[in-house]
Amino acid sequence: MPTQIRPQGIHAQSNARPPTTLLDGGMGRELERRGAPFRQPEWSALALSLAPESVCDIHLDYIKAGATVITVNSYAVTPYHLGDKFFSEGEQLIETAAKLAFEAVQESKKLISITSIASSAPIIAPVKIAGCLPPLFGSYRPDLFDPKQAPVIARPLLAAQIDYVDIWLVETQSSIIEATTWQQLITEFTENENEATPKPIWIAFTLDDSQLDTTDASSEANPVNTPTLRSGETVAEAVRAMIALDVAAILFNCSQPEVMDSALQVAKAIVNEAGGTQQLGVYANAFASKQVHKQANAQLRQIRTDTTPEHYLKWATLWQASGADIIGGCCGIGVEHIALLAQHIKDTP
């Protein structure tokens, strides 16, 4: 499992909850914020060919901030973002993305003492790399999913990353069929590669947050009676499906912070009831509310001004209390957010 940040001199008790795994934050908006090449429809994939050093720098900054898992920048390397260019250059771009993450981890090992930007707690073991397996037909678009065409797009994503990553992170899944198809494709690919120890599979679902109109991230979480995926399927259905597939972790990502805790509580109850071993996680985005979610790939979405590192920490603390084992950030959540989480997300008895 991924390595974690541990305060020096503290030893885990036998009945203690495992340390929280800290993911990195978003890549695309961090590239934009730093002035790297960034636009739609290529999104974060543009920097892989025009400014790869900027991608590596961001990975390394997340590690310095305290992230214990960084994610390969392959999210936008799909035909939805690149068109036909995916079929001629996609696998090369994906491998470039995987190598940049690997290089960042290797560079971090050279540093005598890597510390958080605002903390003295050192990273005491190598950071893990999550291979990014994105929505194959566009974010927030369960209506576009085509299981017959999925293997054609999925194979380059798997083949180009397998030698560099420690975890398969299936991100921003809008429906159960998307997630189950990815799990099947990973399993089949791993078997064909005769991988001695299959990599853990983490599945991250994006939640329906289209009805939210929240302007203050410091407020209490809005109750969501029945949290659902963007497909309309319930979180309960999705969690049960993932338990049946025996995935290693179930996460919720790329949705606003307000909807995450209800989903997490539902997931925790179902995993406990089933006697499952799945870890649970959250990494929310900072997108402004009341935007047409089906246009997620059509234009750059506005970023909320209230989701500051301090406010995001309040949400993360709530998620940890509700049972999140893995916490990080998605679009609009940057290095400063992760640095503050590294200071405050501690071992919990």
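When a residue number appears, it is its place in the shown sequence, counting from 1.
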Test side chain to side chain contact (heavy atoms under 4.5 Å, CB included) on Ser139 and Tyr80; report intermediate values, then the result. CA-CA 9 Å; Ser139 301; Tyr80 195 89; over 6 Å; no

Taking all non-hydrogen atoms of both residues, which atom of [X] and which atom of [Y] are closest, and how far apart?
X	Y	value
Val235	Ala263	CG1-O, 3.9 Å
Ala150	Phe137	N-CZ, 3.8 Å
Tyr283	Gly329	CB-N, 3.4 Å
Ala45	Val77	CB-CG2, 4.1 Å
Ile177	Thr180	O-OG1, 3.1 Å
Ser255	Val259	CB-CG2, 3.9 Å

Verify whether one side chain among Thr187 and Gln183 offers a donor that lies under 3.5 Å from an acceptor in the other. yes

Side-chain donor-acceptor pair present, Gln265, Asp261, cut-off under 3.5 Å: yes

Mind checking whether [X] and [Y] sit in one hydrophobic cluster, side chains of I, L, V, M, F, W, Y counted as touching below 4.5 Å?
X	Y	result
Tyr75	Leu50	no
Phe102	Leu93	yes
Ile201	Ile243	yes

[atom1]-[atom2] distance between [X] and [Y], expressed to the nearest 0.5 angstrom:
X	Y	atom1	atom2	result
Arg240	Leu245	CZ	CG	14.5 Å
Leu48	Glu89	CG	CD	11.5 Å
Glu237	Ile176	CD	CD1	5.0 Å
Arg155	Glu188	CZ	CD	12.0 Å
Thr181	Ile186	OG1	CD1	11.0 Å
Asn73	Cys56	CG	SG	11.5 Å

Salt bridge or not between [X] and [Y]? Use side-chain N to carboxylate O under 4.0 Å.
X	Y	value
Arg39	Glu42	yes
Asp143	Arg141	yes
Glu95	Lys99	yes
Arg304	Glu258	yes
Arg230	Glu178	no

For the residue pair Tyr312 and Trp319, categorise the inter-ring angle as parallel (less than 30°), tilted (30 to 60°) or perpendicular (more than 60°). perpendicular

Aromatic ring pairing Trp43/His81, orientation class (parallel under 30°, perpendicular over 60°, tilted between): tilted

Does [X] use its side chain to pair, donor to acceptor, with the backbone of [Y] at less than 3.5 Å?
X	Y	result
His337	Thr307	yes
Lys199	Val165	yes
Thr317	Trp315	no
Asp209	Gln256	yes
Ser174	Ser231	no
Gln173	Glu171	yes

Counting neighbours of [atom1] on [X] that are heavy atoms of other residues, nucleotides or ligands and sit closer than 6.0 Å, is the number greater than 12?
X	atom1	result
Gln92	CD	no
Asn272	CG	yes
Phe145	CZ	yes
Glu273	CD	no

Would a 4.5 Å heavy-atom cut-off, applied to side chains only, mark [X] and [Y] as touching?
X	Y	result
Val239	Leu280	no
Phe86	Ile94	yes
Ser74	Gln161	yes
Ile58	Asp61	no
Asn285	Thr206	no
Leu313	Gln343	no
Phe189	Ile162	yes
Leu158	Trp168	yes

Please step through side chain to side chain contact (heavy atoms under 4.5 Å, CB included) for the pair Leu133 and Leu169, ending with a clear verdict. CA-CA 6 Å; Leu133 303 177; Leu169 177 56; over 6 Å; no

Before you tell me yes or no, could you show the steps for Glu30 and Asp24 under side chain to side chain contact (heavy atoms under 4.5 Å, CB included), namely the whole-Å CA-CA distance, both residues' side-chain angles and the distance that decides it to 0.1 Å? CA-CA 11 Å; Glu30 193 69 13; Asp24 55 7; over 6 Å; no

Under the side chain to side chain contact (heavy atoms under 4.5 Å, CB included) rule, what do Leu82 and Phe87 come out as? Steps first, then yes or no, please. CA-CA 9 Å; Leu82 299 182; Phe87 299 101; over 6 Å; no

